[in-house]
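Let me begin by presenting the structure, written as structure tokens, before commenting on it.
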Amino acid sequence: MEQQLQIEGIDVRIEGEGQDTIVMLHGWPDTWRVWDGQVAALKGRYRCVRFTLPGFDIARPRRAYSLDETLAIIEKIVNQVSPGRKVTLMLHDWGCVFGYQFYMRHPQLVSRIVGVEIGDAQSRAHVKSLTLGAKLMVAWYQLTLAAAWKIGGAIGDGLTKFMLKVLRAPSPKQYISSAMNFPYYLVWTGGYGGKGNRTEFVPSCPMLYIYGTRKPFHFHSKQWTEWLAAQPSSQVAAFKTGHWVMLEQPQEFNHTVLAWLDASAAVAGAAAAA
């Protein structure tokens, strides 16, 4: 059974049944559709909530959303889809950035976290772990996407789709435009974190962190994954994939997530009801 709501102008889809709710946040250059395989695997036991992030929907007017605006919308969605009970967050790429900051501001709304591909990115330990080549690669693709957003129109869309090929993103092209590049523009102009509005992500709830190993560099430090793996009811899992783990190895990904959800159920259940 599927239910659709509109909250703050965002189309929200709710599928599945169960006492626990999983809120899924995608990254660049994706939409709610990136989680199709996970919803199919989880909806028999969990309520799966997903939506396209503010500013990422090609059918909506082009505009940039600040971090505060995005987190405020996520808060309203979480409160409406799971009133009085904590949710599990399932996050990828930019969804991790938003989801981690949401957790740090509203830990009372989150029972556990599944983070994919983004760990302690931009922390001192992570930056130190990157080679000069990796740092230049990050700057190149992010600045290109930031410029594409600023330029907009056909040229901006063309630059975006060029970068789509370079990064081998599997996202359907018909849903992609330069409009969804605004987070990169804000990062490089100080909009996200440059003015001190980002908090260091230190999870105190159970967390499953999944990442692919077939990449030139990672968005986490070794110190962070070792620290996380030592935390109660938390786990780190590496897959022989690129950045889109859940699309490249969906069966293995879903099996790992379901096993961890079962293993952390007692802790999460007590926290969700608290």
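The first residue of the sequence shown is numbered 1, and numbering continues consecutively from there.
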Please tell me whether W28 and F182 form a close aromatic pair, meaning their ring centres lie under 6.0 Å apart.
no
Proximity of H218 and H126 rings by center, below 6.0 Å
no
Following the transitive rule for hydrophobic clusters with a side-chain heavy-atom cut-off under 4.5 Å over Ile, Leu, Val, Met, Phe, Trp and Tyr, establish whether [X] and [Y] coincide in one cluster.
| X | Y | result |
| --- | --- | --- |
| F201 | V23 | yes |
| W32 | I14 | no |
| M104 | L109 | yes |
| F162 | Y141 | yes |
| I118 | L145 | yes |

Which pair of non-hydrogen atoms, one from [X] and one from [Y], has the smallest distance, and what is that distance?
| X | Y | result |
| --- | --- | --- |
| T160 | S177 | CG2-O, 4.0 Å |
| F56 | G27 | CE2-O, 3.8 Å |
| K222 | T225 | O-OG1, 3.0 Å |
| L186 | Y65 | CD1-O, 3.5 Å |
| P170 | L247 | CG-CD1, 3.5 Å |
| L164 | I176 | CD1-CD1, 3.6 Å |

What I'd like to find out is whether the side chain of [X] reaches to under 4.5 Å of the side chain of [Y], using heavy atoms alone.
| X | Y | value |
| --- | --- | --- |
| I22 | L42 | yes |
| V34 | M24 | no |
| S234 | W227 | no |
| T241 | E252 | no |
| K135 | F217 | no |
| R85 | T21 | no |
| L228 | M207 | yes |
| S178 | L159 | no |

Side-chain donor/acceptor of [X] to backbone N/O of [Y], under 3.5 Å:
| X | Y | value |
| --- | --- | --- |
| R112 | L261 | yes |
| E117 | G212 | yes |
| R33 | P172 | no |
| T144 | W140 | yes |

Charged N to carboxylate O under 4.0 angstrom, [X] versus [Y]?
| X | Y | answer |
| --- | --- | --- |
| D36 | R50 | yes |
| E248 | R168 | no |
| D20 | R45 | no |

Could you tell me if S204 and Y103 have a donor-acceptor pair between their side chains, going purely by distance under 3.5 Å?
yes
Give the C-alpha distance, both sets of side-chain angles, the deciding distance and a yes or no for side chain to side chain contact (heavy atoms under 4.5 Å, CB included) between Q101 and L71.
CA-CA 8 Å; Q101 290 302 300; L71 297 186; 3.9 Å; yes
Heavy-atom count check: over 12 atoms from other residues, nucleotides or ligands less than 6.0 Å from [X] [atom1]?
| X | atom1 | answer |
| --- | --- | --- |
| Q142 | CD | yes |
| E2 | CD | yes |
| E69 | CD | yes |
| E200 | CD | no |
| Q231 | CD | yes |
| K150 | NZ | no |
| I155 | CD1 | no |

Picking from V116, L53, L91, what satisfies side-chain contact (heavy atoms from CB on, under 4.5 Å) with H26?
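It is L53, the one option of V116, L53, L91 that forms the side-chain contact (heavy atoms from CB on, under 4.5 Å) with H26.
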Using the side-chain contact (heavy atoms from CB on, under 4.5 Å) rule, pick out the option among V114, T256, I210 that qualifies with Q235.
T256
Please test L258 against Y46 for side chain to side chain contact (heavy atoms under 4.5 Å, CB included), starting from the C-alpha separation and ending with a verdict.
CA-CA 10 Å; L258 278 166; Y46 297 92; 4.3 Å; yes
Go through it in stages, so that I can follow the logic: the residues are T52 and M180, the test is side chain to side chain contact (heavy atoms under 4.5 Å, CB included), and I'd like the CA-CA distance, side-chain angles, deciding distance and then a yes or no.
CA-CA 10 Å; T52 296; M180 59 173 55; over 6 Å; no
With rounding to the nearest 0.5 Å, note down the distance linking [atom1] in [X] to [atom2] in [Y].
| X | Y | atom1 | atom2 | result |
| --- | --- | --- | --- | --- |
| I10 | L5 | CD1 | CG | 12.5 Å |
| F102 | I74 | CZ | CD1 | 7.0 Å |
| S123 | K128 | OG | NZ | 11.5 Å |
| I77 | F51 | CD1 | CZ | 3.5 Å |
| Q122 | D120 | CD | CG | 9.5 Å |
| I73 | K76 | CD1 | NZ | 8.0 Å |

W224 vs Y209, ring-ring contact (aromatic ring centres under 6.0 Å, His included): CA-CA, chis, key distance, verdict:
CA-CA 11 Å; W224 185 80; Y209 179 62; 5.0 Å; yes
How far apart are the C-alpha atoms of D93 and W244, what are their side-chain angles, what is the distance that settles it, and do they pass the side chain to side chain contact (heavy atoms under 4.5 Å, CB included) test?
CA-CA 9 Å; D93 193 72; W244 283 266; 6.0 Å; no
Run Y184 and W94 through ring-ring contact (aromatic ring centres under 6.0 Å, His included) and show every step you take.
CA-CA 10 Å; Y184 294 106; W94 272 101; 5.5 Å; yes
